[in-house]
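Scroll down for the structure; my scribbles are underneath it.
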Amino acid sequence: MKIICICTGNTCRSPMAAAILQRLLPGADVSSAGLYAEDGMPASRHALLAMDEMGLDISAHRARRFCPEMAEGALLVGMTRAHVRALRSLCPAARVELFLGDEDVPDPFGQGMDAYERTAHVLEEGARALIHRLNLH
């Protein structure tokens with residue numbers, strides 16, 4: 001199973017979501033990308049710290065820009081409805097889902113540590129719900 005978590009810059013939400021999903025689905029190939037990512041950027045400092053608090057290490061993460069070729073054989077999981085719309089437009093044949101099912105994952109970018117911790121908890125609960133909703137066990 002190949003899953004790609006997609007957000008805007010690929011430095012906060014999507015790498016955090018991918019790390020959480022990878023822990024919950026150890027046999028899956030889980031990665032992340034950003035629709036407007038600057039290739040090679042590290043995860044944000046607060047994202048690193050929030051994941052560290054959850055026992056996850058994303059220090060090796062480097063941002064990558066999403067390209068339609070990545071969609072082949074993958075489940076694309078957008079962090080917001082806007083991401084999902086963009087992905088469906090770029091990859092009409094791909095399987096695309098909204099991470100939280102019916103609401104956007106809040107973007108902590110540019111905010112303090114509290115926002116990143118809240119987002120990390122939203123992502124953890126959302127990952128469990130996504131796995132159950134899509135029967136990805």
Side-chain angles (χ1 to χ4, degrees):
M1 176 181 355
K2 179 178 165 185
I3 302 169
I4 306 173
C5 298
I6 314 284
C7 69
T8 305
N10 195 216
T11 60
C12 303
R13 291 173 290 182
S14 60
M16 292 166 68
I20 292 166
L21 278 173
Q22 188 67 72
R23 177 165 62 188
L24 296 172
L25 298 167
D29 173 9
V30 185
S31 64
S32 64
L35 291 171
Y36 303 100
E38 186 178 324
D39 287 330
M41 292 291 292
S44 73
R45 186 172 66 84
H46 289 322
L48 289 168
L49 293 171
M51 290 293 91
D52 189 56
E53 289 176 5
M54 297 175 84
L56 293 166
D57 180 6
I58 61 170
S59 61
H61 171 78
R62 293 298 175 263
R64 65 184 182 148
R65 186 178 296 249
F66 177 79
C67 62
E69 295 77 25
M70 292 176 183
E72 189 170 332
L75 166 62
L76 305 179
V77 184
M79 297 295 110
T80 69
R81 289 181 285 267
H83 296 138
V84 166
R85 280 191 303 275
L87 290 166
R88 287 183 176 147
S89 175
L90 288 167
C91 310
R95 182 175 179 199
V96 181
E97 297 286 340
L98 183 60
F99 192 85
L100 293 179
D102 60 0
E103 64 183 91
D104 294 349
V105 174
D107 188 357
F109 184 77
Q111 299 180 53
M113 191 62 204
D114 288 350
Y116 281 82
E117 290 170 338
R118 282 192 305 275
T119 298
H121 291 295
V122 165
L123 289 168
E124 185 170 41
E125 288 178 21
R128 293 178 194 286
L130 178 74
I131 290 167
H132 179 74
R133 186 172 78 244
L134 301 180
N135 201 21
L136 301 175
H137 310 283

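Atom CD of residue Glu117 and atom CE of residue Met51 lie 10.0 Å apart, to the nearest 0.5 angstrom. The CD atom of Glu125 sits 13.5 Å away from the CG atom of Leu130 when rounded to the nearest 0.5 Å. Put simply, CZ on Arg45 and OH on Tyr116 are 9.5 Å apart, with the number rounded to the nearest 0.5 Å.
For the pair Gly78 and Val84, the tightest heavy-atom approach, listed with the atom from each and the gap, is CA-CG2, 4.1 Å. Scanning both residues, Thr11 and Ala47, for their nearest heavy atoms gives O-CB, 3.8 Å. In terms of heavy-atom proximity, Ser14 sits nearest to Ala33 at OG-O, 3.5 Å. Heavy atoms only, all atoms of each residue included: Ala74 and Ile4 are closest at CB-CD1, 4.0 Å. Closest approach of Pro15 and Ile58 over heavy atoms only: O-CG2, 4.2 Å. Across all non-hydrogen atoms, the minimal contact from Met113 to Ala50 is CE-N, 3.3 Å.
Side-chain heavy atoms closer than 4.5 Å link hydrophobic residues (I, L, V, M, F, W, Y) into clusters, and following such links, even through other members, never connects Ile6 to Leu136. Note on Phe99: it does not cluster hydrophobically with Leu35, by side-chain heavy-atom contacts below 4.5 Å among ILVMFWY residues. By the criterion of side-chain heavy atoms lying less than 4.5 angstrom apart, applied directly or through intervening Ile, Leu, Val, Met, Phe, Trp or Tyr residues, Met1 is grouped together with Leu134 in one hydrophobic cluster. In the hydrophobic clustering of ILVMFWY residues, with side-chain heavy atoms under 4.5 Å counting as a link, Leu56 and Leu123 come out together. Using a 4.5 Å cut-off between side-chain heavy atoms of Ile, Leu, Val, Met, Phe, Trp and Tyr, with links allowed through other members, Met79 and Leu25 fall into the same hydrophobic cluster.
The closest side-chain heavy-atom distance from Val122 to Pro106 is below 4.5 Å. A 4.5 Å side-chain heavy-atom check between Asn10 and Asp39 finds every atom pair outside the cut-off.
Under the ring pair (Phe, Tyr, Trp, His ring centres under 6.0 Å) criterion, no residue pair touches residues 10-35, with sequence neighbours excluded. Within the structure, no pair that satisfies the salt bridge (Lys or Arg N to Asp or Glu O under 4.0 Å) test touches residues 55-73, not counting sequence neighbours. The list of ring pair (Phe, Tyr, Trp, His ring centres under 6.0 Å) pairs with a residue in residues 48-79, not counting sequence neighbours, is empty. Under the side-chain hydrogen bond (donor to acceptor under 3.5 Å, both in side chains) criterion, the residue pairs touching residues 73-86 are Thr8-His83, Thr80-His83, with sequence neighbours excluded. Applying the side-chain hydrogen bond (donor to acceptor under 3.5 Å, both in side chains) test to residues at least two apart or on different chains, the pairs with a partner in residues 86-114 are Arg13-Asp107.
The neighbour count for Glu38 CD, taken as heavy atoms of other residues, nucleotides or ligands under 6.0 Å away, does not exceed 12.
For Glu124, the side-chain contact (heavy atoms from CB on, under 4.5 Å) criterion is met by Ile20, Arg23, Met54, His121, Arg128, not counting sequence neighbours.
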Cys5 vs Leu21, side-chain contact (heavy atoms from CB on, under 4.5 Å): CA-CA, chis, key distance, verdict:
CA-CA 9 Å; Cys5 298; Leu21 278 173; 3.7 Å; yes
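No donor-acceptor pair closer than 3.5 Å links the side chain of Gln22 to the backbone N or O of Ser31.
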